[in-house]
Structures are given as C-alpha cells and as structure tokens.
Engineer: 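Mind looking over this structure? Questions follow.
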Amino acid sequence: MKRVALVSVLVFVLDQATKFWIVHWMRLDARGAIDVWPPFLNLRMAWNYGINFGLLSGQADMTRWILIAVALGIVLFVLVWMRRDPPGPWGAASAGLLIGGALGNVVDRLLYGAVADFLNMSCCGIDNPYAFNVADIAIFAGAAGLVLFPGAKSGGEKPS
C-alpha cells in the first residue's frame, strides 16, 4: 500500500501543480490558447463539466456532484481491492496512478465546478479538437495497468 500511496500523492501533486501553473500563472484561462510545438503540443483551455469529451455536461451542477461521488467511489473500490488482493509493484503503481488522477479531477470539480483540461495534441494531418490534463493521462494509464497487472488472487503478479 505504500507504493499506491506514494504514486497517488506524486500524481496528485503533479496534476495540481501543472493546472495551477498553466491556468493561473500562464493565464491560459484568460488567453484561451498557447501554441507550444504546433501541431504536436498546444495548450488549449477547456473547462470540462461532464466526463470524457464533455459527455453529460448538460446538467452541470447535478453532474458535478454525481461525478465527484463516482470518482470517490472508484477510489474507495480500488483501495479495498488493493487491500484484499495486493498486486505486485506494477499493479500497485497502476492503482496509485488511477487514484491520484481521480482525486486531482475531484479537486478541480470542487474548486472550479469543472475539470481544467489544457493539453492538446495533434499529428499527421489529424486535428484533435479535445484537451486533457495530467490526471486524465494517469487515470487512463492506471486503468490499463490494473487490467494488465491485477492482484495475485486474480491471476496477476505476485506481491512484493
């Protein structure tokens, strides 16, 4: 559980630090866009009131509290899972990624009423209209890691 906690804290701090730096210090919320290395890396301010790609953003206030509850429920579920079926180091790191990212987005919803997304990447003639953040990357990588490295009872790696 130490690895889960350490990775969670590192992801959470990195996520919140990048959001503060980009949104407030660089004033992306006022500027709207900053081209860093077009088209590969751009900063585009996007307040996400729903889930991925803005889904469920119609009832913003109700959706906000539902998504906070769902995220906290997922965090609790993953913590119980890690306690009951301890994974090896990769599984524990994956759980930490998911938990840290989920908590980072929960803090955004509490502070701003929406998740602050700002990373936009395009390539090879494909123009990506969507933005994401460090927490989103961690959630995706953590969920993939939990599928690839489940606990020892689930047929995954042995605890270390």
Engineer: Taking the six-membered ring for Trp, are Trp25 and Phe20 ring centroids under 6.0 Å apart?
Structural biologist: no
Engineer: Is the shortest side-chain heavy-atom distance between Leu110 and Trp65 below 4.5 Å?
Structural biologist: yes
Engineer: What are the two closest non-hydrogen atoms of Asp127 and Pro129, and how far apart are they?
Structural biologist: O-CD, 3.2 Å
Engineer: Under the side-chain contact (heavy atoms from CB on, under 4.5 Å) rule, what do Leu43 and Val36 come out as? Steps first, then yes or no, please.
Structural biologist: CA-CA 7 Å; Leu43 303 178; Val36 178; 3.8 Å; yes
Engineer: Find out whether Leu79 and Met1 are in side-chain contact, i.e. whether some heavy atom of one side chain is under 4.5 Å from a heavy atom of the other.
Structural biologist: yes
Engineer: Kindly indicate whether the side chain of Trp47, heavy atoms from C-beta on, has any atom under 4.5 Å from the side chain of Val23.
Structural biologist: yes
Engineer: Would you say Leu146 and Met82 make side-chain contact, with heavy atoms under 4.5 Å?
Structural biologist: yes
Engineer: Look up atom CE in Met26 and atom CH2 in Trp21, then write down how far apart they are to the nearest 0.5 Å.
Structural biologist: 5.5 Å
Engineer: Can you name the side-chain hydrogen bond (donor to acceptor under 3.5 Å, both in side chains) partners of Asp117, sequence neighbours left out?
Structural biologist: Asn133
Engineer: What are the two closest heavy atoms between Ala135 and Asn105, and how far apart are they?
Structural biologist: CB-OD1, 3.4 Å
Engineer: Can you find a heavy atom in the side chain of Ser94 that is under 4.5 Å from one in the side chain of Phe149?
Structural biologist: yes
Engineer: Any side-chain heavy atom of Ser122 within less than 4.5 Å of one from Phe40?
Structural biologist: no
Engineer: Of all heavy-atom pairs between Val7 and Ala93, which one has the smallest distance, and what is that distance?
Structural biologist: CG1-O, 3.5 Å
Engineer: So how far is it from Asp29 CG to Tyr112 OH, rounded to the nearest 0.5 Å?
Structural biologist: 8.5 Å
Engineer: Quick one: are Phe12 and Ile99 in side-chain contact, heavy atoms under 4.5 Å?
Structural biologist: no
Engineer: Do the side chains of Asp136 and Leu119 get nearer than 4.5 Å, heavy atoms only?
Structural biologist: no
Engineer: Pairs in or reaching into residues 8-26: which pass salt bridge (charged side-chain N to carboxylate O under 4.0 Å, His left out), with residues at least two apart or in two chains?
Structural biologist: Asp15-Lys19, Lys19-Asp108
Engineer: Kindly check if the number of other-residue, nucleotide or ligand heavy atoms within 6.0 Å of CZ (Phe140) is above 12?
Structural biologist: no
Engineer: From the options Leu98, Leu72, Val9, select the one residue that forms a side-chain contact (heavy atoms from CB on, under 4.5 Å) with Leu103.
Structural biologist: Leu72
